[in-house]
Protein chains: 2
Amino acid sequence: MTPKIIQGKKAKDDTVNNPKVRNPKRGRGRPLVFDRAAALQAAMKLFWERGYEGTSFDELIDAMGISASSFYNSFDSKEALYCEATSSYLDWAGQWFLAILNDPSIDTKTAFAHLLAATADEFTRGDHPLGCMISLAGTHCSPGMKNIREMMVEHRAFSESVMADRMRRGVANGDVPPATDCDMLAAYYSAVVRGMAVQARDGAPREKLGKIGRLAMQAWPQRSAEH
Amino acid sequence: MTPKIIQGKKAKDDTVNNPKVRNPKRGRGRPLVFDRAAALQAAMKLFWERGYEGTSFDELIDAMGISASSFYNSFDSKEALYCEATSSYLDWAGQWFLAILNDPSIDTKTAFAHLLAATADEFTRGDHPLGCMISLAGTHCSPGMKNIREMMVEHRAFSESVMADRMRRGVANGDVPPATDCDMLAAYYSAVVRGMAVQARDGAPREKLGKIGRLAMQAWPQRSAEH
DNA sequence: GGAATTTTGGAGCGATGACACCAAAAATAA
DNA sequence: TTATTTTTGGTGTCATCGCTCCAAAATTCC
């Protein structure tokens, strides 16, 4: 799921570069007093809810339940943490995303209908922040956030390319019209998903997102071409 | 175009409440050395490009070409400036937006096709920042930005309601199928526009946005109902 | 001209941002 | 036990944030 990762900084300790952890299970030295994975999850949810700029360092370590010292012992910087949190998010979101696109029991059109329905569900679940951590991140930000911005642009382009690839497989399999412009159709569904993320953030209920997804499926190509 | 405006702070000087200006044309006292409207435009473009959190006070007054003293003499706060900049943006964007939706020479479906085409054009023009100042603003931010967040949510809801109203007029006029769920169809086109804003920010060219808009028009209801 | 009014330049303020430093603490290895 | 390694608590730092204050400057009113 993850494309080339752009990291803000190189790890200071190059014995282990990504992620930074010196005492993985049971090494010498004082043991970690916190669960690194759980702390990362907490940071991810805070970034997801508030964005990178909207999340302060103190709020982060508070949510992670650790001190500044412990933080910098296990992570390189706020920016590096954001990269890791993004990877963690994509590991999770990539599961349902790719599972649906690669489901061999359904045809291409059905796969995208399922994808949009799942998006409506996942964007409005109660056990994590609304919407999506990728869709709207780094779109308007200061020049100092260039690294993060480029990373998010790449993540968005990557998910779009995954959708286009699935459509091309559909063309090859014969369940998508051969004249279909897969890149454009993927860009369209990508845009719809981004728009659903905005709606979710603004409080739209699951059913509303579901209907948006069903309307979006009206653009699926019929037997003849479209361009 | 502008719905109920939520202001961050009340103007300190209640002789003139919105906008704050004591020496409008030619009053007593030292005259303003800068063009307030031009400074506001400059601030608007910076906010548009970088977002609220991504724009610092020093960058703002630098782009506006004024000092901190002059700033606080003519504006109440960064937040109040953002509200004014947003209003200024909506005054401008509302022009083409409403002009298309109220064009009496075209039917409802054509109006929305024009609307999406114009969106593709306006989101990718070279004489101002890419995308839209409203579509993605305040979606992920800190709790301290509650006022701004709620303001942007309201602006987005308002433009969606304007689209729904236009559709209902189409139903009344008979050029939109009577069983159409106008609120849902408007939510769908609203989502598409938000997605086009993301694509524009990520560097998608005008033609790509145009094709997304044309694909989105495939969801327009035929003679029979859809829900 | 003098008084009143308003804006401007310039310095500075308290709070917060992200992070660095270092000695003490807690583990393992010998 | 002692040496070694690693993490932790606590404090400090340096820059930036949005904003304030005040005396000087520039205008109009009388």
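Here is the naming used below: chain letters follow the sequence lines, and residue numbers restart at 1 for every chain.
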task: Please test A:V193 against A:Y189 for side chain to side chain contact (heavy atoms under 4.5 Å, CB included), starting from the C-alpha separation and ending with a verdict.
output: CA-CA 6 Å; A:V193 167; A:Y189 284 111; 5.5 Å; no
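- Nearest to the side-chain atoms of B:R28 among the listed nucleotides C:dT5, D:dT5, C:dC19 stands C:dT5.
- A:F75 places its CZ atom 12 Å from the P atom of D:dT7, with the value rounded to the nearest Å.
- At a non-hydrogen distance threshold of 4.0 Å, nothing from residues 44-54 of chain B comes into contact with DNA chain D.
- One finds the CD1 atom of A:I100 at 8.5 Å from the CG atom of A:D103 (value rounded to the nearest 0.5 Å).
- Among residues two or more places apart in sequence or in another chain, the side-chain contact (heavy atoms from CB on, under 4.5 Å) test is passed with A:E160 by A:A186, A:A187, A:S190, B:Q199, B:K208.
- Look at CD on B:E59: it is 18 Å from P on D:dA15, rounded to the nearest Å.
- In this structure, the CG atom of B:D58 is 15 Å from the C1' atom of C:dG9, given to the nearest Å.
- Listed candidates were D:dC19, C:dC19, C:dG17. Nearest to the side chain of A:F57 is C:dC19.
- Ionic pairing of B:R50 and A:E53 is not present here: no N-O contact between side-chain nitrogen and carboxylate oxygen is shorter than 4.0 angstrom.
- Between the OH atom of B:Y82 and the P atom of D:dG18 there is a distance of 14 Å, given to the nearest Å.
- A:D183 and A:R168 are joined by a salt bridge, as a carboxylate oxygen and a charged side-chain nitrogen come within less than 4.0 angstrom of each other.
- Here B:S56 reaches the OP1 or OP2 of D:dC17: one of its side-chain N or O atoms lies under 4.0 Å away.
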Less than 3.5 Å apart, which donor and acceptor atoms pair up between the side chains of residues 111-121 of chain A and the rest of the protein, not counting sequence neighbours?
from   : atom 1 : to     : atom 2 : distance (Å)
A:T119 : OG1    : A:L115 : O      : 2.7
A:D121 : OD1    : A:R206 : NH1    : 3.4

Every protein N/O within reach of nucleotides 8-10 of chain D N/O, cut-off under 3.5 Å:
from   : atom 1 : to    : atom 2 : distance (Å)
D:dT8  : OP1    : A:V33 : N      : 2.6
D:dT8  : OP2    : A:S70 : OG     : 3.1
D:dT8  : O5'    : A:S70 : OG     : 3.2
D:dG9  : OP2    : A:S67 : OG     : 3.3
D:dG9  : N7     : A:S69 : OG     : 2.7
D:dG9  : O6     : A:S69 : OG     : 2.8
D:dG10 : O6     : A:S69 : OG     : 2.4

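- Spacing between atom CE of A:M64 and atom P of C:dC19 amounts to 12 Å, rounded to whole angstrom units.
- Residues B:F47 and B:Y89 keep their aromatic ring centres 6.0 Å or farther apart.
- Pairs passing the salt bridge (charged side-chain N to carboxylate O under 4.0 Å, His left out) check and including a residue from residues 128-144 of chain B, sequence neighbours excluded, do not occur.
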Please report, to 0.1 Å, the donor-acceptor pairs under 3.5 Å made by any side chain of residues 128-144 of chain A, with sequence neighbours excluded.
from   : atom 1 : to     : atom 2 : distance (Å)
A:H128 : NE2    : A:E122 : O      : 3.4
A:S135 : OG     : A:R194 : NH1    : 3.0
A:T139 : OG1    : A:L136 : O      : 3.1
A:H140 : ND1    : B:W48  : O      : 2.6
A:S142 : OG     : A:G144 : N      : 3.4

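- Between the CD1 atom of A:I61 and the P atom of C:dG17 there is a distance of 11 Å, rounded to whole Å.
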